[in-house]
Amino acid sequence: MPAKPKETPAGRNRRLVLAAVKALAPGEVAGYGEVARRAGLPGRARLVARILSAGDEPGLPWHRVLRSDGRIAFPPGSPGFDEQVQRLRAEGVRVEAGRVRGQRAAATLDQMLWAPPD
DNA sequence: ACTCTGACCAGCC
DNA sequence: GGGCTGGCCAGAG
(Lines give C-alpha, C1' and ligand atoms only; values in the text may rest on other atoms or scores of the structure.)
Protein backbone atom coordinates (compact mmCIF):
# COMPACT_ATOMS: atom_id res chain seq x y z
CA MET A 1 0.00 0.00 0.00
CA PRO A 2 1.09 3.50 -0.71
CA ALA A 3 2.10 5.93 1.92
CA LYS A 4 0.17 5.96 5.13
CA PRO A 5 -1.69 9.25 5.68
CA LYS A 6 0.24 10.24 8.79
CA GLU A 7 -2.27 11.67 11.20
CA THR A 8 -1.60 15.20 12.33
CA PRO A 9 -2.15 16.13 15.99
CA ALA A 10 -5.11 18.23 14.95
CA GLY A 11 -6.57 15.33 13.03
CA ARG A 12 -6.14 13.07 16.01
CA ASN A 13 -7.90 15.46 18.35
CA ARG A 14 -10.70 15.89 15.87
CA ARG A 15 -11.15 12.13 15.67
CA LEU A 16 -11.26 11.80 19.46
CA VAL A 17 -13.79 14.61 19.83
CA LEU A 18 -16.06 13.25 17.11
CA ALA A 19 -15.99 9.86 18.79
CA ALA A 20 -16.96 11.37 22.11
CA VAL A 21 -19.90 13.21 20.57
CA LYS A 22 -21.07 10.14 18.71
CA ALA A 23 -21.00 8.27 21.98
CA LEU A 24 -23.84 10.43 23.30
CA ALA A 25 -27.07 8.44 23.37
CA PRO A 26 -30.35 9.94 22.17
CA GLY A 27 -31.78 12.13 24.90
CA GLU A 28 -28.43 12.40 26.61
CA VAL A 29 -26.77 15.80 26.74
CA ALA A 30 -23.30 16.93 27.74
CA GLY A 31 -21.36 20.16 28.00
CA TYR A 32 -18.51 21.05 25.66
CA GLY A 33 -16.05 20.66 28.47
CA GLU A 34 -17.50 17.33 29.41
CA VAL A 35 -17.19 16.08 25.86
CA ALA A 36 -13.61 17.29 25.75
CA ARG A 37 -12.89 15.48 28.98
CA ARG A 38 -14.42 12.26 27.70
CA ALA A 39 -12.32 12.61 24.57
CA GLY A 40 -9.22 12.68 26.71
CA LEU A 41 -8.69 16.38 26.09
CA PRO A 42 -9.46 18.16 29.36
CA GLY A 43 -9.68 21.91 29.08
CA ARG A 44 -10.20 21.85 25.32
CA ALA A 45 -13.88 22.82 25.33
CA ARG A 46 -13.22 25.46 22.71
CA LEU A 47 -11.70 22.91 20.42
CA VAL A 48 -14.90 20.90 20.63
CA ALA A 49 -16.90 23.99 19.72
CA ARG A 50 -14.67 24.70 16.75
CA ILE A 51 -14.92 21.17 15.46
CA LEU A 52 -18.69 21.17 15.70
CA SER A 53 -18.87 24.53 13.96
CA ALA A 54 -17.04 23.01 11.01
CA GLY A 55 -20.17 20.97 10.39
CA ASP A 56 -18.48 18.00 8.73
CA GLU A 57 -19.21 14.43 9.72
CA PRO A 58 -22.80 13.72 8.69
CA GLY A 59 -25.04 12.21 11.31
CA LEU A 60 -23.09 13.70 14.18
CA PRO A 61 -25.45 14.40 17.10
CA TRP A 62 -24.07 17.90 17.67
CA HIS A 63 -27.37 19.02 19.16
CA ARG A 64 -26.67 16.98 22.29
CA VAL A 65 -23.79 19.26 23.19
CA LEU A 66 -24.60 22.25 25.38
CA ARG A 67 -22.76 24.83 27.40
CA SER A 68 -21.77 23.80 30.88
CA ASP A 69 -24.67 25.71 32.41
CA GLY A 70 -27.17 23.71 30.36
CA ARG A 71 -27.93 26.52 27.94
CA ILE A 72 -27.89 26.32 24.16
CA ALA A 73 -24.65 27.73 22.82
CA PHE A 74 -26.27 29.64 19.97
CA PRO A 75 -27.81 33.09 20.44
CA PRO A 76 -31.54 32.76 21.16
CA GLY A 77 -33.60 33.08 18.01
CA SER A 78 -30.79 32.16 15.65
CA PRO A 79 -31.36 29.36 13.13
CA GLY A 80 -28.93 27.08 14.91
CA PHE A 81 -30.65 27.72 18.20
CA ASP A 82 -34.08 26.82 16.88
CA GLU A 83 -32.87 23.72 15.16
CA GLN A 84 -31.05 22.48 18.22
CA VAL A 85 -34.10 23.00 20.41
CA GLN A 86 -36.24 21.13 17.92
CA ARG A 87 -33.86 18.22 17.69
CA LEU A 88 -33.56 17.95 21.44
CA ARG A 89 -37.31 18.03 21.96
CA ALA A 90 -37.67 15.38 19.30
CA GLU A 91 -35.59 13.16 21.56
CA GLY A 92 -37.71 13.89 24.58
CA VAL A 93 -35.36 16.42 26.16
CA ARG A 94 -37.13 19.17 28.02
CA VAL A 95 -36.02 22.60 26.89
CA GLU A 96 -37.28 25.84 28.39
CA ALA A 97 -36.10 29.30 27.46
CA GLY A 98 -33.01 27.96 25.80
CA ARG A 99 -32.15 25.94 28.85
CA VAL A 100 -32.11 22.17 29.03
CA ARG A 101 -33.69 20.60 32.04
CA GLY A 102 -32.82 17.00 31.37
CA GLN A 103 -31.57 15.43 34.56
CA ARG A 104 -28.09 14.91 33.25
CA ALA A 105 -27.67 18.37 31.79
CA ALA A 106 -25.08 19.21 34.41
CA ALA A 107 -27.44 21.25 36.51
CA THR A 108 -25.01 23.12 38.69
CA LEU A 109 -21.37 22.73 39.45
CA ASP A 110 -22.19 21.54 42.91
CA GLN A 111 -24.35 18.74 41.62
CA MET A 112 -21.84 17.94 38.95
CA LEU A 113 -19.08 17.50 41.46
CA TRP A 114 -21.06 15.93 44.25
CA ALA A 115 -23.77 14.07 42.42
CA PRO A 116 -24.00 10.49 43.64
CA PRO A 117 -23.35 7.79 41.06
CA ASP A 118 -26.71 6.41 39.92
C1' DA B 1 5.19 35.66 13.06
C1' DC B 2 1.39 38.40 14.89
C1' DT B 3 -3.33 39.84 16.02
C1' DC B 4 -8.30 38.73 16.31
C1' DT B 5 -11.85 35.87 17.06
C1' DG B 6 -14.53 32.21 18.80
C1' DA B 7 -21.31 26.70 19.02
C1' DC B 8 -16.22 27.38 25.92
C1' DC B 9 -14.98 26.91 31.15
C1' DA B 10 -13.94 27.59 35.99
C1' DG B 11 -12.78 30.57 39.69
C1' DC B 12 -13.95 34.89 42.20
C1' DC B 13 -16.50 38.66 43.68
C1' DG C 1 -28.72 34.42 39.66
C1' DG C 2 -24.81 38.07 37.10
C1' DG C 3 -20.26 40.16 35.69
C1' DC C 4 -15.06 39.92 35.09
C1' DT C 5 -10.71 37.53 34.38
C1' DG C 6 -7.51 34.37 32.67
C1' DG C 7 -6.83 30.15 30.30
C1' DC C 8 -7.40 27.29 26.19
C1' DC C 9 -5.82 26.83 20.96
C1' DA C 10 -6.86 26.52 15.97
C1' DG C 11 -8.13 29.25 11.75
C1' DA C 12 -8.30 33.52 9.17
C1' DG C 13 -6.38 37.85 7.59
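Numbered from 1 within each chain, the chains take letters A, B, ... in sequence-line order. The model shown is predicted, which means the values in this text are computed figures rather than measured ones. The analysis underlying the following values was restricted to heavy atoms, covering all of them including side chains, and did not include hydrogens, waters or symmetry mates.
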- Task: Let me see the working for A/Leu60 and A/Leu52 under side chain to side chain contact (heavy atoms under 4.5 Å, CB included), right down to the final yes or no.
- Result: CA-CA 9 Å; A/Leu60 190 73; A/Leu52 293 190; 3.6 Å; yes
Separation of [N] [atom2] from [X] [atom1] (nearest whole Å):
| X | N | atom1 | atom2 | value |
| --- | --- | --- | --- | --- |
| A/Arg99 | C/dG2 | CZ | P | 8 Å |
| A/Arg67 | C/dG2 | CZ | C1' | 13 Å |
| A/Leu41 | B/dC8 | CG | P | 17 Å |
| A/Leu66 | B/dC8 | CG | P | 11 Å |
| A/Glu83 | B/dA7 | CD | P | 16 Å |
| A/Asp69 | B/dA7 | CG | C1' | 13 Å |
| A/Tyr32 | B/dC9 | OH | C1' | 12 Å |
| A/Arg87 | B/dA7 | CZ | P | 18 Å |

(request) Not counting sequence neighbours, list each pair that qualifies as a side-chain hydrogen bond (donor to acceptor under 3.5 Å, both in side chains) and has a residue in residues 56-65 of chain A. (result)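 Non-adjacent pairs meeting side-chain hydrogen bond (donor to acceptor under 3.5 Å, both in side chains): A/Lys22-A/Glu57, A/His63-A/Glu91, A/Arg64-A/Glu91.
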Margin query: Below the 4.0 Å mark, does B/dC8 have OP1 or OP2 next to a side-chain nitrogen or oxygen of A/Ser68?
Written below: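 Answer is no, no contact under 4.0 Å.
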How far does [atom1] of [X] sit from [atom2] of [Y], to the nearest 0.5 angstrom?
| X | Y | atom1 | atom2 | result |
| --- | --- | --- | --- | --- |
| A/Phe74 | A/Gln84 | CZ | CD | 6.0 Å |
| A/Ile72 | A/Arg99 | CD1 | CZ | 11.5 Å |
| A/Arg44 | A/Ile51 | CZ | CD1 | 11.5 Å |

Evaluation steps, salt bridge (charged side-chain N to carboxylate O under 4.0 Å, His left out), between A/Arg38 and A/Glu28: CA-CA 14 Å; A/Arg38 291 188 188 183; A/Glu28 180 187 7; 3.5 Å; yes
* **Verdict with reasoning, A/Gln86 to A/Glu83, per side chain to side chain contact (heavy atoms under 4.5 Å, CB included)** => CA-CA 5 Å; A/Gln86 251 188 4; A/Glu83 184 177 351; 5.5 Å; no
Sorted by number, residues from residues 45-58 of chain A placing a heavy atom under 4.0 Å from DNA chain C are A/Arg46, A/Leu47, A/Arg50
Residues in residues 10-20 of chain A with a heavy atom under 4.0 Å of DNA chain B, by number, are none
- With sugar-phosphate meaning primed atoms plus P, OP1 and OP2, does A/Gly80 contact a base, only sugar-phosphate, or nothing at under 4.0 Å between heavy atoms?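 Nothing, no nucleic acid heavy atom in range.
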What does A/Arg64 touch in the nucleic acid at a heavy-atom separation under 4.0 angstrom: a base, only the sugar-phosphate, or nothing?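 Here A/Arg64 touches no strand at all.
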* Full working for side chain to side chain contact (heavy atoms under 4.5 Å, CB included) between A/Arg89 and A/Arg94 -> CA-CA 6 Å; A/Arg89 284 179 174 160; A/Arg94 196 168 138 191; over 6 Å; no
Discussion item. Taking the side chain as everything from C-beta on, heavy atoms only, tell me whether A/Glu34 gets closer than 4.5 Å to A/Val65.
Written reply: no
